[in-house]
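Here's the structure, in structure tokens; my notes come after.
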Amino acid sequence: MTTLQQHYDQYTDEDRHVWKLLFERQLQALPGRAAPEFMEGLARIGFTADVIPDFRQTNQVLRRLTGWEIVPVPGIVDDAVFFGLLAARKFPATTWLRKLSELDYLEEPDMFHDVFGHVPLLTNASFSRFLHQLGHVGSLHASNPAAVELLARLYWFTVEFGLIRDAGSGEARIYGAGILSSAGETRYSLSAEPRRHSFSPVGVLATAFRKDVFQTDYFVVDSLEQLYATLPEVQRQLREAPLVAELA
Ligand code: HBI
Ligand code: FE
């Protein structure tokens, strides 16, 4: 796979303006809505509104904390490649920022989604352990399209759109990067509109998802440790997947 570089000196004033706008907008919305583990990660990784993250500096912090690093990619990569990167504790991240004209809707994940949304939780031991093991499981099943689809659902309803129960208030909080990087979905996901289910492997693997709309359904875990703990059950479900693959 071609290793892209982050051409830090090529960012424009518009890029810096977009990063600052998106960052400040989310720092208004996330306190009280984002999981404490995300806010802690954000403080640890040291992102600010005025500086577009430099992957070299981000990776020094990440490697020291959990052994992870972000690698520049042009955009969505093939599932097998993606899982292989996670299995090597490498998270693929785009280096380009959306334009001012597309502030609220984006076809593909940009750097604000990949870096602001995903990186802070890579500093969390439990979450990064889950993501690493998910990469390993995904690599084992990469040649089985049915299994990859099921793992994509697991990834979708946790890493991208996951919610977590706040132990104190019992309310849902956000840890999914797809929500954390979206002003609209930050409010919508915790509103009365969508359905919120207690997380279960069976429930998640049975739920198809759409990428182009706000989610109608979210899954709520009790803790980030629960994610890793449910992987053995997920693997048991995958073993039944071959039947679907043969039928496909
Ligand atoms: N590629 N760059 C990138 N980022 C992702 O989040 C990503 C991907 N490829 C596939 C993918 N996510 C999902 O389909 C995973 O469930 C595999
Ligand atoms: Fe993402």
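Counting starts at 1 for both ligands and their atoms, following the listed order.
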Quiz item: Can you name the salt bridge (Lys or Arg N to Asp or Glu O under 4.0 Å) partners of Arg64, sequence neighbours left out?
Solution: none
Exercise. May I ask you to check if Arg129 and Tyr228 form a cation-pi contact, with NZ or CZ under 6.0 angstrom from the six-membered ring centre and within 45° of the axis?
Key: yes
Quiz item: Salt bridge between Arg25 and Asp104, side-chain N to carboxylate O under 4.0 Å?
Solution: yes
Practice problem: Run the numbers for me: atoms of ligand 1, each under 4.0 Å from some heavy atom of Glu160, listed by number. | Solution: 6 (O)
Quiz item: Parallel, tilted or perpendicular for Phe116 and Phe38, by the 30°/60° rule?
Solution: perpendicular
Practice problem: Run down the list Ile76, Val73, Leu134, Leu151 and name the one with the heavy atom closest to atom 3 (C) of ligand 1. | Solution: Ile76
Exercise. Under 4.0 Å from a heavy atom of Tyr155: give me the atoms of ligand 1 that qualify, with their elements.
Key: 6 (O), 15 (C), 16 (O)
Quiz prompt | Distance filter under 4.0 Å to Phe83 heavy atoms, resulting ligand 1 atoms | solution = 17 (C)
Quiz item: Non-hydrogen atoms of Trp156 versus ligand 1: any pair closer than 4.0 Å?
Solution: no
Practice problem: Look at atom 17 (C) of ligand 1 and say which protein heavy atom is nearest, naming residue and atom and giving the distance to 0.1 Å. | Solution: Asp79 OD1, 3.2 Å
Quiz item: Under the 3.5 angstrom rule, does the side chain of Asn124 hit a backbone N or O of Leu121 as a donor-acceptor pair?
Solution: no
Quiz item: Can an N, O or S atom be found in Glu160 less than 2.8 Å away from the Fe ion (ligand 2)?
Solution: yes
Quiz item: Would you call Gly75 a ligand 1 contact, heavy-atom distance under 4.0 Å?
Solution: yes
Quiz prompt | Pairs involving residues 117-136, ordered by first then second residue, that meet ring pair (Phe, Tyr, Trp, His ring centres under 6.0 Å) (sequence neighbours left out) | solution = Phe91-His118, His113-His118
Self-check item: atom 5 (C) of ligand 1 - nearest protein heavy atom and its distance
Solution: Phe82 CE1, 3.3 Å
